[in-house]
Amino acid sequence: MGFGDLRSTAGLKVLNEFLADKSYIEGYVPSQADFAVFEALSGAPPAELFHALRWYNHIKSYEKQKASLPGVKKPLGKYGPVNIEDTTNSAPKEAKEDDDDDDIDLFGSDDEEESEEAQRIREERLAQYESKKSKKPALIAKSSILLDVKPWDDETDMAKLEDCVRSIQMDGLVWGASKLVPVGYGIKKLQIQCVVEDDKVGTDVLEEKITAFEDYVQSMDVAAFNKI
């Protein structure tokens with residue numbers, strides 16, 4: 001498993017295709033798996049790799065919370081497509097004196113011809129993977145999100161707060177049902193459902209726009225997140 005070399009254009013393309021129908025590297029919420037891959041990148045993917053860029057920006061918003069995210073960080077080779085090897089952190093190795101087989105060392109060697117051959121095979125495999133993925137019909141990945149929007153105090157006009165939230169209109173965003181949920185001391189929070197297209201709307205964007213109504217909104221949290 002792996003993405004090839006995540007520092008190369010080819011590796012970023014594999015990551016982009018991998019995220020075409022996924023919001024995260026594993027599961028349905030941010031986890032240590034996302035940061036294992038995120039930290040292997042040298043920077044944000046280019047704009048044309050919009051699946052990878054959308055994921056990158058979303059995970060970047062969790063940098064301060066990464067220690068509390070679920071899961072255990074594993075080697076990069078444990079993530080990604082099963083037919084691609086990870087070479088992000090590979091370095092040239094000296095040839096062994098006693099080689100038990102004739103396999104090409106895909107992690108490089110001191111022999112220039114062998115290194116070029118390994119690179120050629122790696123690029124061919126990546127090209128085959130991209131070709132296979134490109135033949136699949138494009139899917140519009142959507143997620144159902146339940147948001148908790150908290151006011152400053154019990155005097156906050158919750159009807160106005162909800163109007164502010166619903167005034168946020170974006171391509172790929174549809175607001176759903178809502179209700180007020182008591183949190184204590186007479187304070188109620190707004191719990192509101194929405195459906196988003198993953199390529200167009202992320203929770204970081206929603207949080208930024210909702211908390212911009214600072215006269216009414218103290219904070220916003222994701223109560224539930226499910227792929228559709």
Side-chain angles (χ1 to χ4, degrees), residues 1-66 69 71 73-90 106-108 118-143 145 170-173 195-209 222 225-228:
M1 297 177 70
F3 298 99
D5 186 353
L6 284 172
R7 297 165 301 187
S8 70
T9 300
L12 289 175
K13 286 183 178 180
V14 174
L15 176 63
N16 186 66
E17 293 296 338
F18 181 76
L19 292 168
D21 57 355
K22 300 176 180 64
S23 295
Y24 303 102
I25 299 300
E26 286 185 345
Y28 303 110
V29 295
S31 69
Q32 296 301 326
D34 292 286
F35 271 95
V37 177
F38 176 86
E39 291 171 352
L41 302 180
S42 58
E48 60 268 21
L49 302 179
F50 49 88
H51 298 303
L53 181 59
R54 175 260 305 162
W55 166 84
Y56 179 92
N57 290 331
H58 181 50
I59 297 306
K60 187 176 181 181
S61 69
Y62 284 90
E63 281 191 293
K64 294 182 180 180
Q65 308 168 41
K66 66 179 181 180
L69 294 180
K73 190 180 294 183
K74 296 179 287 190
L76 279 177
K78 298 294 184 180
Y79 307 113
V82 296
N83 59 338
I84 303 292
E85 290 193 45
D86 173 66
T87 59
T88 303
N89 297 316
S90 64
L106 293 182
F107 294 94
Q119 182 177 359
R120 182 187 66 78
I121 292 176
R122 191 159 53 243
E123 293 298 332
E124 284 182 357
R125 288 181 177 177
L126 290 174
Q128 290 172 359
Y129 174 77
E130 291 174 22
S131 176
K132 181 180 178 181
K133 292 289 287 185
S134 67
K135 294 177 181 178
K136 293 184 177 181
L139 298 175
I140 299 178
K142 294 183 179 181
S143 299
I145 307 175
M170 301 171 61
D171 185 25
L173 168 65
V195 174
V196 302
E197 292 184 25
D198 297 342
D199 293 343
K200 299 176 180 179
V201 183
T203 54
D204 53 336
V205 175
L206 288 174
E207 182 175 13
E208 179 182 349
K209 290 184 176 293
V222 176
F225 190 109
N226 296 290
K227 297 287 289 182
I228 297 178

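What you see is a predicted model; the values in this text were computed from it and never measured.
- Remark: Lys66 engages Glu39 in a salt bridge, criterion side-chain N to carboxylate O under 4.0 Å.
- The backbone N or O of Ile140 sits nowhere less than 3.5 Å from a side-chain atom of Glu197 that would complete a donor-acceptor pair.
- To the nearest 0.5 Å, atoms OH (Tyr79) and CD (Glu26) are separated by 5.5 Å.
- Defined by atom type and a distance below 3.5 Å, a donor-acceptor pair is missing between the side-chain atoms of Asn16 and Trp55.
- Contact check on Lys13 versus Glu17 returns no salt bridge, with no Lys/Arg side-chain nitrogen under 4.0 Å from an Asp/Glu carboxylate oxygen.
- Leu41 places a side-chain heavy atom less than 4.5 Å from the side chain of Leu12.
- The structure places OG of Ser61 at 10.5 Å from CD of Glu208, a figure rounded to the nearest 0.5 Å.
- Applying the 6.0 Å contact sphere to NZ of Lys142 captures no more than 12 heavy atoms from other residues, nucleotides or ligands.
- Tyr24 and His58 have tilted rings, their planes meeting at an angle from 30° to 60° on a 0 to 90° scale.
- Closest of all the heavy-atom pairs between Ala44 and Leu53 is CB-CD1, 4.1 Å.
- Figure legend: cation-pi geometry between Lys22 and Phe18, with NZ or CZ positioned under 6.0 Å from the six-membered ring centre and within 45° of its axis.
- Put simply, the residue from Ile25, Val37, Val14 that forms a side chain to side chain contact (heavy atoms under 4.5 Å, CB included) with Leu19 is Ile25.
- The line from CG of Leu126 to CD1 of Ile121 is 12.0 Å long, rounded to the nearest 0.5 Å.
- Within the 4.5 Å cutoff, the side chain of Asp198 has no heavy atoms near those of the Asp21 side chain.
- When atom types are taken as modelled, the side chain of Asn57 and the backbone of Arg54 share no donor-acceptor pair closer than 3.5 angstrom.
- Between Tyr62 and Leu69, the closest side-chain pair of non-hydrogen atoms falls below 4.5 Å.
- The shortest heavy-atom contact between Asp199 and Phe50 is OD2-CE1, 4.3 Å.
- Residues Gly71 and Gln32 come closest through the heavy atom pair O-CG, 3.1 Å.
- Rounding to the nearest 0.5 Å gives a distance of 8.5 Å between OH of Tyr28 and CG of Asn226.
- Leu6 and Gly11 make their closest contact through CD2-O, 3.9 Å (heavy atoms, listed as atom of the first residue, atom of the second, distance).
- For Lys227, the NZ atom sits in a packed shell: over 12 heavy atoms of surrounding residues, nucleotides or ligands are nearer than 6.0 Å.
- Taking NZ of Lys60 as the start and CZ of Phe38 as the end, the distance is 6.5 Å to the nearest 0.5 Å.
- Closest approach of Lys200 to Met170, counting heavy atoms only: O-CE, 4.3 Å.
- Looking at every heavy atom in both residues, Ala141 comes nearest to Ala20 through CB-O, 4.2 Å.
- In this structure the side chain of Phe225 reaches within 4.5 angstrom of the side chain of Ser23, judged on heavy atoms.
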